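One structure is given here, and the rest of the page talks about it.
This structure is a prediction, so every number in the text was calculated from the model and none was measured. Just the heavy atoms: all of them, side chains too, but no hydrogens, waters or symmetry mates, feed the values below. Letters A, B, ... are given to chains in the order of the sequence lines, protein chains preceding strands, and every chain is numbered from 1.
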Number of protein chains: 2
Amino acid sequence: MAVAFQTHDHARCTDSAMTNARAICAARGLRLTPARARVLEILLEAHRALGAYDILERLNAEGKPAQPPTAYRALDFLVSNGLAHKIEGQNAFIACTHPDRDHDAAFLICRACHTVAEAPRAAASGSLGQAARSLGFKIERTVIEAEGLCPRCQGTTPPC
Amino acid sequence: MAVAFQTHDHARCTDSAMTNARAICAARGLRLTPARARVLEILLEAHRALGAYDILERLNAEGKPAQPPTAYRALDFLVSNGLAHKIEGQNAFIACTHPDRDHDAAFLICRACHTVAEAPRAAASGSLGQAARSLGFKIERTVIEAEGLCPRCQGTTPPC
DNA sequence: CGGGAAATGTTACTCTATAACGTTTAAGCG
DNA sequence: CGCTTAAACGTTATAGAGTAACATTTCCCG
């Protein structure tokens, strides 16, 4: 997990993530339609957070004219089912790297190369959960994001 | 701190926050212009997160026709200087309840009554800081938000 | 194979945010 | 004090993010 900052074989991790996603949808009776699968592939291939309109551009570049709802519907499906996450701090979306079950995640986002590492995380852990408990607040959803510089981009003047 | 979920005297906490903000700006050589002060007051009076266009509506309702940049400039100033925060999960802004120094904060946001409690927090604390350290990631900014139900709204069918 | 729900296509629109200009204001200095 | 200059502000226009609403198609299931 959280290997995003290390070099690795993107093609292979895309393939295995797609296979995994198909298996998950089959197991849960979800329909990973061509449109949804294509959006997930785009996210996996980009290997970083993409805006909805970045995805639209890529879809249109493939000769399939698509309007915003097409992208947003696919993204809603992927996010609802844990196959992708929304990075609220950037109005962008990223494929989940371990979509084995529902989970809230924490993200480390490099402002230079836009790589995003996803750290699995116990729901409502840490100081946030503590504060919530002491106030009687019932957490339903969390957004935990850190923006900064990844190891690769800390040394280089021009960002990787 | 984090008293937002308890009933209290809004007028008084608005006044003292404005006095505090003026003192901070004076001490730092910042200009809390009328426009900026008015936006801060609006945020304090609302006592919950407001969208930039909610603020614009209120400004216009006062007979001062204002365009988006007016609101965004004031908000940028307030956020840059720690007098307000942006709630990324809702594209909304809220006055800071303890703007004594630069700080990252964590937020508990009620989805029913829209009240926001701000919990002070050591920067890069908890699991996020741990993950970052182990990966060599340098955190510059964090977004930590929890959405759910506040104590008041958990019992009632119609939200407070 | 037919009925109904889910998914998609399409048009139009709303909300969020910023670029780029010109004008005004006010702080600092000789 | 009056000049210089940067910061703040007004204004117009536009870019970017997201959704409403409705017609059409697909495909699951009985």
Side-chain angles (χ1 to χ4, degrees), chain A residues 21-22 25-40 42-43 46 48-60 62-81 83-94 114 141 143 145, chain B residues 21-22 25-40 42-43 46 48-60 62-81 83-94 114 143 145 147:
Chain A
R22 283 179 209 287
C25 289
R28 295 189 202 161
L30 301 172
R31 294 175 53 192
L32 189 61
T33 62
R36 292 166 176 174
R38 188 67 199 107
V39 170
L40 180 55
I42 287 172
L43 286 176
R48 62 185 197 81
L50 293 180
Y53 284 68
D54 294 329
I55 292 168
L56 270 178
E57 263 181 39
R58 285 166 164 78
L59 288 175
N60 286 323
E62 294 171 359
K64 312 213 173 183
Q67 273 64 46
T70 300
Y72 281 104
R73 284 168 183 158
L75 288 168
D76 286 349
F77 171 86
L78 296 172
V79 170
S80 299
N81 293 292
L83 299 171
H85 296 289
K86 181 170 186 186
I87 306 295
E88 295 287 352
Q90 321 204 337
N91 295 325
F93 300 84
I94 189 163
H114 303 107
R141 179 179 93 104
V143 174
E145 302 167 5
Chain B
R22 283 179 209 286
C25 288
R28 296 189 202 160
L30 301 171
R31 294 174 53 192
L32 189 61
T33 62
R36 292 167 175 174
R38 189 67 199 108
V39 169
L40 180 55
I42 288 172
L43 285 176
R48 61 184 197 80
L50 293 180
Y53 284 70
D54 295 328
I55 292 168
L56 269 178
E57 264 181 39
R58 284 165 163 80
L59 289 174
N60 285 324
E62 294 171 359
K64 312 213 175 183
Q67 273 63 47
T70 300
Y72 281 105
R73 283 168 184 158
L75 288 168
D76 284 349
F77 170 86
L78 297 172
V79 170
S80 298
N81 293 293
L83 300 171
H85 297 288
K86 181 168 186 187
I87 306 294
E88 295 286 353
Q90 321 204 337
N91 295 323
F93 300 84
I94 189 162
H114 303 107
V143 175
E145 303 167 5
E147 200 182 299

Notebook entry, point to check: Considering only heavy atoms, which members of residues 68-77 of chain A lie under 4.0 Å from some atom of DNA chain C?
Noted result: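 Heavy-atom contacts with DNA chain C come from A/P69, A/T70, A/R73.
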Notebook entry, point to check: Contact class for B/A35 vs. all strands (heavy atom < 4.0 Å): base, sugar-phosphate, or nothing?
Noted result: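 It contacts sugar-phosphate atoms only.
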Margin query: What's B/K64 touching, base or sugar-phosphate or nothing? Going by heavy atoms closer than 4.0 Å.
Written below: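 Counting heavy atoms under 4.0 Å across all strands, no contact is made by B/K64.
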Check: So, is A/T33 close to the C/dT8 phosphate, meaning a side-chain N or O under 4.0 Å from OP1 or OP2?
Finding: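 Checking A/T33 against C/dT8: at least one side-chain N or O falls below 4.0 Å of OP1 or OP2.
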Note to self: Please tell me if B/N91 has a side-chain N or O lying less than 4.0 Å from either OP1 or OP2 of C/dC15.
What the structure shows: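 So the side-chain polar atoms of B/N91 never come under 4.0 Å of the phosphate oxygens OP1 or OP2 of C/dC15.
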Margin query: Which is more 5' along DNA chain C, the nucleotide nearest B/F93 or the one nearest A/R31? Just name the residue.
Written below: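 It is A/R31 whose nearest nucleotide is closer to the 5' end.
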Nearest-0.5 Å distance that lies between atom [atom1] in [X] and atom [atom2] in [Y]:
| X | Y | atom1 | atom2 | value |
| --- | --- | --- | --- | --- |
| A/R38 | A/R58 | CZ | CZ | 9.5 Å |
| B/L43 | B/I55 | CG | CD1 | 4.5 Å |
| A/F77 | A/L40 | CZ | CG | 9.5 Å |
| A/I94 | A/L78 | CD1 | CG | 13.0 Å |
| B/K86 | B/N91 | NZ | CG | 5.0 Å |
| B/R36 | B/R73 | CZ | CZ | 10.0 Å |

Next item on the list: Could you list where the contact with chain A starts and ends along DNA chain D, reading 5' to 3', using a 4.0 Å heavy-atom cut-off?
Entry: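 Range of nucleotides within reach of chain A: D/dA17 to D/dC27.
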What is the separation between atom [atom1] on [X] and atom [atom2] on [N], rounded to the nearest whole Å?
| X | N | atom1 | atom2 | answer |
| --- | --- | --- | --- | --- |
| A/Q90 | C/dT16 | CD | C1' | 16 Å |
| A/L56 | C/dT8 | CG | P | 14 Å |
| B/Q67 | C/dT16 | CD | P | 17 Å |
| A/Y53 | C/dC15 | OH | C1' | 11 Å |

Checklist line | Closest non-hydrogen atom pair between A/L50 and A/A46, with its separation | finding: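 In terms of heavy atoms, the two residues are closest at CD1-CB, 3.5 Å.
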Check: Are A/D54 and A/I42 close enough that some pair of their side-chain heavy atoms sits under 4.5 Å apart?
Finding: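 Sidechains of A/I42 and A/D54: no contact.
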Item checked: Validation row: A/V143, B/E88 side chains within 4.5 angstrom (heavy atoms) ->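 No, too far: nothing below the 4.5 Å cut-off.
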